[in-house]
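Everything numeric here is computed off the predicted structure, so don't read it as measured data.
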Amino acid sequence: LKVGDRVIIQRDLQNTYDSNAIMALTMDKKEIGFISADWAVIYAPKIDMGMTFDAEISSIEPKVINIKIKRNNPEIEIIYDFFKMQVFKNN
């Protein structure tokens, strides 16, 4: 692996330790590791809603590979449930 290599990020829905787990894979689908839990909690719901991302290695440190992630389908409108408004009648 080297800086600038593209990687695949994909949800690991079978992960029993983290329901938000996101795997990082090489382009030939070899596992590199997992996105840290504090970032996975942010990106997992976005991936689950249909957002897709390009990812590449931005730096390599001992025991840590930093990945730069950029959404690659911003033209697709994603409707977020928390933006939907509910109207309640006041009795």
Side-chain angles (χ1 to χ4, degrees):
L1 296 173
K2 63 185 181 311
V3 172
D5 283 354
R6 292 183 57 216
V7 296
I8 300 166
I9 59 168
Q10 78 179 32
R11 293 279 278 120
D12 182 8
L13 298 173
Q14 308 305 317
N15 192 305
T16 57
Y17 300 102
D18 183 359
S19 62
N20 294 308
I22 301 173
M23 293 175 44
L25 308 162
T26 63
M27 294 307 287
D28 57 350
K29 308 248 178 169
K30 293 181 182 166
E31 184 180 323
I32 298 169
F34 287 85
I35 304 296
S36 65
D38 47 340
W39 284 107
V41 74
I42 294 167
Y43 282 99
K46 295 173 187 291
I47 292 170
D48 294 346
M49 285 188 280
M51 292 182 185
T52 58
F53 298 88
D54 288 326
E56 72 177 46
I57 297 174
S58 59
S59 67
I60 300 174
E61 302 170 18
K63 298 186 180 184
V64 175
I65 297 173
N66 293 300
I67 297 174
K68 177 173 50 176
I69 299 174
K70 180 180 178 186
R71 184 172 172 196
N72 66 13
N73 65 342
E75 72 285 351
I76 297 174
E77 184 176 329
I78 306 289
I79 298 176
Y80 301 93
D81 286 337
F82 53 84
F83 284 139
K84 293 180 183 174
M85 297 181 65
Q86 295 182 0
V87 178
F88 296 96
K89 290 185 179 181
N90 217 354
N91 290 338

Distance, nearest 0.5 Å, that separates [atom1] of [X] from [atom2] of [Y]:
X	Y	atom1	atom2	result
E56	M27	CD	CE	11.0 Å
F34	I9	CZ	CD1	13.0 Å
I22	I8	CD1	CD1	14.0 Å
M51	N72	CE	CG	11.5 Å
I35	D18	CD1	CG	11.5 Å

May I ask you to test the D5-T26 pair for a side-chain heavy-atom distance under 4.5 Å? no
Under the 3.5 angstrom rule, does the side chain of R71 hit a backbone N or O of T52 as a donor-acceptor pair? no
Any side-chain to backbone donor/acceptor pair from R11 onto S19? Under 3.5 Å, distance only. yes
Residues 61-68 side chain polar contacts: donor-acceptor under 3.5 Å, at least two apart:
residue: E61; atom: OE2; partner: N66; partner atom: ND2; Å: 3.0
residue: N66; atom: ND2; partner: S59; partner atom: OG; Å: 2.7

In short, N15 meets A21 closest at the heavy-atom pair ND2-CB, 3.4 Å
Taking every non-hydrogen atom, the tightest pair across A40 and P45: O-CD, 4.2 Å
Under a single-linkage definition using a 4.5 Å side-chain heavy-atom cutoff for Ile, Leu, Val, Met, Phe, Trp and Tyr, are [X] and [Y] assigned to the same hydrophobic cluster?
X	Y	result
W39	L25	no
I42	I47	yes
I57	M23	no

Can you list everything that forms a ring pair (Phe, Tyr, Trp, His ring centres under 6.0 Å) with F53? Sequence neighbours excluded, please. Y43
